[in-house]
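Structure first, commentary second.
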Amino acid sequence: MNRLEHSDTAELITRSCSGDPDAIESLVHTYTSTVYRLAVSMLDDVAEAEEATQDTLLLVIKRLPSYRGEASFSTWLYTITLNVCRDRLRKRRTRERLTQVLQVLFHVKAETHEQIEQQVMEREADAAVWQAIKTLPDKEREVVVLRYYHQLRQESIAQMLGVSDRTVRTRLSAAHAALRAALQGKGDWT
Amino acid sequence: MTALTHDQARQFLEMGREQLSGGERTALDQHLAVCAPCRSYGAELTALQAAVGRVMRNHWRDARPDPRLEDKVQAQVRTQTMPKNILNNALGLAGLVVFTVVLIAFFSAQTQPTAIKSPVATPSVLPALNDTPTPVVSLTEVPSWVTELRLTTTPGGAYQPDVSRDGRHVLYTSMRDGNWDLYLLDLATLTETRLTDDPRTDIAPTWSPDGTRIAYQRYASTATGPGLVERVVMEADGSNPQVVTSGAPWLDHEPPAWSPDGTRLAFTTGSELVIVSVNEQRELRRFGLVKKQIYSPPVWFDNDQILFISQGILRVGHVATGSDEPVTGPTGLVAQVVVRHPTIVYIQEDGTSAKVIRQNLDGTNALVMDTFYNVGAVAQAGLVEGAALSPNGQEFAVKADLGLFVGSMCTDLPEGQTCAIGYMQADMPLTDLQRISWLPDGSGFVYVAGRDSQPELYLFLGNLPTGMADIVSYWPEGTPDPSKPTPAPTLMPTPTPPTDEVYYEMQRLTTSGDTYQPAVSPDGRQVLYTSPRAGNWDIYLINLANLVEAKRLIGKSYDQLDLATVAKTQRLTADSYNDMSPAWSPDGTQIAYQRYPAAATGAEPVDWMIMAANGSNPQVVARGVQRLENELPTWSPSGDRLAFTDGTQLVVVSVNERRELRRFDPAKGQLSGQPVWFDNDRILFISEGVLQVGNVATGASQLVPGPSGFVSQVMVRNFAIGYIQQDGTAVQLRAQNLEGTIGLNMLTIPVDTAAQASLIDNVALAPHGRSIVVQTNLGLFVNRISDEWTGAFRFPTAKFPPNPSWKNLQRISWLPAYFDYIGFVGFICVAAPDGQPDLYLVDPISAIEGAPYWPGEVPPHSNSAESTPTPTLPPVPQTETPVPPTIPN
């Protein structure tokens with residue numbers, strides 16, 4: 001973010017804090033796509049990402065008065081988005097586990113989405129890479145997505161996640177090892 | 001900068017060049033220039049990062065929000081920020097004051113951080129579990145036929161699970177903040193409730209038989225270990241903890257054993273077995289006991305007799321007299337004993353094998369149910385630390401030093417083969433904090449495993465086939481060394497499934513040709529039925545246990561047995577009323593039924609009755625205004641309430657107080673299907689196809705969210721409800737939680753027309769949950785839940801009911817999951833293959849496949865009676881009207 005943008009953002013935030021409806025509208029307009037893109041990459045579900053975007057932006061507007069400018073606005077926004085998504089992921093996991101319990105209690109075969117998903121992958125090798133990414137532990141997948149999809153620097157990721165740079169490096173390194181292991185013998189995935 | 005090591009170079013590569021300082025970059029370049037492996041590592045890493053980035057960009061390449069999303073958010077934001085606009089416009093001082101208060105509260109909440117305790121507390125006082133460190137070994141992957149679900153994620157681990165009697169909650173212990181307390185997990189929501197918050201150690205919890213109370217150990221730790229132990233009993237919600245006995249020396253984390261009637265607790269202390277009275281809070285009896293090698297908790301046989309193992313000898317103690325003696329039968333050291341009425345089951349070790357043996361308490365009818373061979377040494381045999389039989393007695397889980405072994409019992413395998421199906425990865429703390437607790441329906445068990453180093457509760461759902469699938473010879477030779485990998489189980493050839501075209505077995509249980517409405521007792525040993533044979537409808541009882549046992553002993557088919565003698569048919573009612581629709585109380589001691597004048601027209605009042613299981617002491621519980629044909633009274637799980645329909649209303653009465661508790665009439669519509677209790681307070685019923693739940697305590701009723709079609713049947717299984725839903729194109733069997741937040745389709749029965757769908761009269765889910773019986777006017781169909789609907793397993797010979805007006809006289813009554821001595825699980829229904837309606841015992845277990853025909857074959861929808869005689873309601877006996885029993889006030 002350059003200085004001019006920062007200055008614009010700062011003004012927008014100041015006006016938004018004071019309840020200026022035009023500023024708030026402008027803020028929402030500016031950041032809806034950003035939040036949505038991050039939410040999709042975290043949740044991998046379009047419908048849920050839309051809901052998360054709404055939740056995040058409402059939360060952001062509500063919390064604007066507490067934004068002190070210590071982190072850049074986009075970092076602050078990303079942090080809130082990540083927290084909203086994490087909360088949704090937790091609930092989804094519980095839901096999935098409960099559904100799984102139900103399925104097994106009633107001896108119902110689970111529907112497999114994997115095959116359908118693989119068909120839409122353009123290359124078989126890409127499917128293997130995607131599968132490897134999906135099976136990473138949450139914390140590792142989070143940094144991989146932020147680093148290689150959102151192209152964020154390690155310091156920014158550390159700030160968003162509220163962890164040290166070293167922790168981000170450790171998670172990335174663990175993710176690399178896990179990905180390498182998962183892709184071993186899966187043909188040419190490059 | 002000095003030259004880099006390989007590790008440093010790779011670390012730099014992992015970090016990425018842009019993260020490095022100038023000096024670091026130079027050093028890295030210098031290292032790579034001379035190190036081919038690191039160059040290759042770097043190239044691979046770059047390729048990996050590029051591939052990961054590319055794949056994610058492709059996957060989310062269209063990740064743009066719907067334009068309407070922003071509009072939606074803008075609208076919501078406007079609503080949210082409205083008070084500020086109002087404030088800015090200075091529209092009122094009151095608004096200003098309120099807003100200021102809110103603002104102050106908001107900021108103060110933001111600026112005053114509260115101290116947050118670390119979720120992971122350092123264990124300061126750990127109970128001394130075992131002298132040796134906890135062995136955690138990993139043997140093999142979880143077998144493919146097993147589903148293992150993690151239930152808890154706790155800060156300090158979860159131990160000693162005990163599944164509630166209704167299968168909906170798991171009681172367990174967990175240490176938080178350095179202190180052990182008791183917790184409750186709701187299986188429907190996977191949410192945790194803390195039951196105790198005591199500075200002392202609360203551990204070893206166990207449910208009372210009626211599920212209303214919890215007994216546990218409590219003690220304060222001292223510098224030298226645990227101090228004196230108190231045995232405490234509290235309510236199921238954690239309230240009202242009462243010390244039943246105190247001062248017992250601590251031995252280990254043995255849960256107290258409740259007597260079947262919940263009045264007594266048993267536990268071992270040092271060298272004695274102590275029996276205490278829960279209500280009187282005093283000691284009743286002590287039996288001498290020497291523990292050796294293997295620990296097995298005491299087990300009550302009935303309220304007076306308790307089984308325990310002393311020096312490997314199985315003994316039975318009599319609380320009334322204080323005497324105890326060895327149990328006749330065992331020929332080796334007994335490691336474990338459980339009670340499966342009327343038999344006991346124990347594991348006996350003789351140094352070369354471990355046998356699972358079932359026998360009567362007096363030693364008769366002993367049967368070796370399974371043998372674990374190749375147990376090379378007593379030491380190895382002694383590795384069996386705990387065994388838990390499934391409620392139906394057909395499956396087991398054995399905790400051993402090696403891991404957790406699960407399997408199905410087989411009694412007919414040649415020596416040297418074991419029908420244990422396989423074993424689980426150990427990875428579990430093999431301490432006395434482990435516990436295997438089966439779900440009440442036998443579909444799985446909860447236990448402790450440490451898959452990622454922290455012990456947590458897992459649900460094992462093995463879907464164990466009986467006597468089929470992979471048979472493994474699993475017990476490794478020699479004494480296992482946990483530090484060495486154990487060879488994987490050797491798979492033996494899968495037995496060939498039977499090719500016989502007869503896919504089910506039907507055993508005729510009655511021969512009189514006039515029996516209807518069978519109801520199997522909760523223990524599976526007796527069957528009630530109704531018959532008009534004595535001039536009006538009466539209730540009869542046959543002894544199923546005698547029949548089955550007689551067949552087993554003399555090897556004849558049922559047709560060759562003298563049924564009247566063996567079955568010991570008893571007539572339970574002999575009045576001039578029509579006595580119909582009997583239903584067993586949950587404990588099997590009482591029978592509820594309806595009676596009405598023999599000159600029935602269908603519109604007369606009905607008496608709802610109860611009587612003892614032997615037919616004595618019939619009493620009126622309530623009087624209904626309008627009789628619904630042959631509807632069953634429905635007992636609440638605790639057996640103190642009855643529900644029945646009265647016209648368009650659902651009535652709940654107190655059995656003991658003989659008074660009406662509640663009347664639900666939410667939709668003014670016709671009630672259909674049988675009401676089903678969800679728990680002792682909530683009852684599910686269907687009004688005009690809409691599934692509702694009524695709360696007896698509050699009188700409120702509400703729709704159950706979830707169903708999207710016309711509901712015709714509802715059932716309850718553990719925490720889940722199942723229901724039949726029809727929408728004109730299909731009939732679905734669905735399952736969901738009561739809240740409707742999760743749901744899934746279990747089985748779809750395709751139908752061409754609504755008329756076809758309406759032909760489904762009744763559906764009965766098996767207690768083991770794997771099959772359903774669908775009653776139509778074509779006959780009965782059995783389908784496995786896990787399969788597509790094929791309609792394959794039909795009873796074409798059932799021919800019941802040929803007359804639609806009879807259909808309410810059919811009952812599909814599954815044998816309980818507990819019913820083990822018969823050797824199979826099935827149901828009892830009315831069938832008339834020879835035109836004579838009689839009771840048949842049906843075993844669909846061997847139903848593999850058959851020709852699908854539903855819905856290709858259009859079901860006849862005719863009212864014409866076939867050759868089967870129509871049961872006629874007898875004329876009114878010309879006697880004086882009997883005086884109904886007086887209703888107590």
Side-chain angles (χ1 to χ4, degrees), chain A residues 18-21 24-25 28-29 32-33 35-37 40-41 44 46 49-50 53-54 57-58 61-63 65-66 94-95 97-109 121-122 125-126 129-130 132-133 144-145 147-149 151 153-155 165 169 172-173 176 179-180 183 189-190, chain B residues 14-16 18-19 44-45 47-53 55-60 63-66 69-70 72-74 76-78 80-81 84-85 87-88 106-107 110 147 149-150 187-190 443-444 459 461 463 717-718 720 722 735-737 741-742 744-746 769-770 784-786:
Chain A
S18 69
D20 179 345
I24 292 173
E25 190 177 329
V28 168
H29 174 72
T32 299
S33 293
V35 171
Y36 175 79
R37 200 162 161 264
V40 163
S41 66
D44 194 31
V46 171
E50 289 196 350
T53 305
Q54 290 183 55
L57 289 169
L58 289 173
I61 301 300
K62 190 174 159 191
R63 289 191 183 167
S66 70
T94 306
R95 214 165 47 233
R97 277 194 301 160
L98 281 168
T99 308
Q100 218 181 342
V101 171
L102 261 186
Q103 278 172 335
V104 183
L105 271 180
F106 286 101
H107 312 282
V108 176
K109 283 174 194 159
M121 284 281 178
E122 288 173 1
D126 282 2
V129 174
W130 176 244
I133 296 169
V144 163
V145 172
R147 180 76 190 87
Y148 302 119
Y149 177 64
Q151 311 257 303
R153 289 177 63 84
Q154 289 180 16
E155 303 83 49
D165 290 7
R169 278 203 299 277
L172 266 182
S173 184
H176 290 152
L179 290 169
R180 266 197 299 266
L183 292 171
W189 43 263
T190 55
Chain B
E14 292 275 355
M15 284 170 68
E18 73 282 5
Q19 304 285 138
E44 193 193 7
L45 187 63
L48 178 73
Q49 291 164 340
V52 166
V55 167
M56 286 193 292
R57 280 192 298 279
N58 281 341
H59 186 71
W60 293 309
R64 284 181 210 91
D66 187 317
L69 175 63
E70 191 192 324
K72 213 189 290 182
V73 176
Q74 296 284 16
Q76 284 178 317
V77 167
R78 274 194 291 278
Q80 183 177 297
T81 53
K84 286 188 182 176
N85 296 336
L87 181 69
N88 286 345
F106 180 72
F107 276 105
Q110 292 292 316
T147 299
L149 299 169
R150 182 171 177 162
L187 278 174
T189 58
L190 296 183
S443 56
L459 177 59
L461 295 154
N463 199 8
R717 183 169 158 77
N718 293 319
Q736 64 168 58
N737 57 2
T741 53
I742 47 164
L744 57 96
N745 193 18
M746 292 155 64
R770 292 173 198 160
R784 280 192 287 211
I785 294 290
S786 55

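None of these values were measured; they are calculated from a predicted model. Lettering of chains follows the sequences in order, A, B, ..., and the numbering in each one begins at 1.
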Contact winner vs chain B - A:Ser41, A:Ser33, A:Ala49, heavy-atom pairs under 4.5 Å: A:Ser41
- request: Among A:Arg153, A:Arg37, A:His176, single out the residue with the greatest number of heavy-atom pairs under 4.5 Å to chain B.
  value: A:His176
Pairwise side-chain contact, A:Val144 with B:Met56, heavy-atom cut-off 4.5 Å (strictly under): yes
Under 4.5 Å from any heavy atom of chain B - which part of [X]:
| X | value |
| --- | --- |
| A:Tyr148 | both |
| A:Val46 | neither |
| A:Val35 | neither |

- prompt: Any side-chain donor-acceptor pair under 3.5 Å between B:His59 and A:Asp44?
  reply: yes
- prompt: Without hydrogens or angle criteria, can the side chains of B:Glu70 and B:Gln74 be said to hold a donor-acceptor pair below 3.5 Å?
  reply: yes
query: Who are the side-chain contact (heavy atoms from CB on, under 4.5 Å) partners of A:Arg147, not counting sequence neighbours?
result: A:Gln154, A:Ile157, A:Leu172, B:Glu18
field: B:Arg64: side-chain contact (heavy atoms from CB on, under 4.5 Å) partners, not counting sequence neighbours
entry: B:Asp62
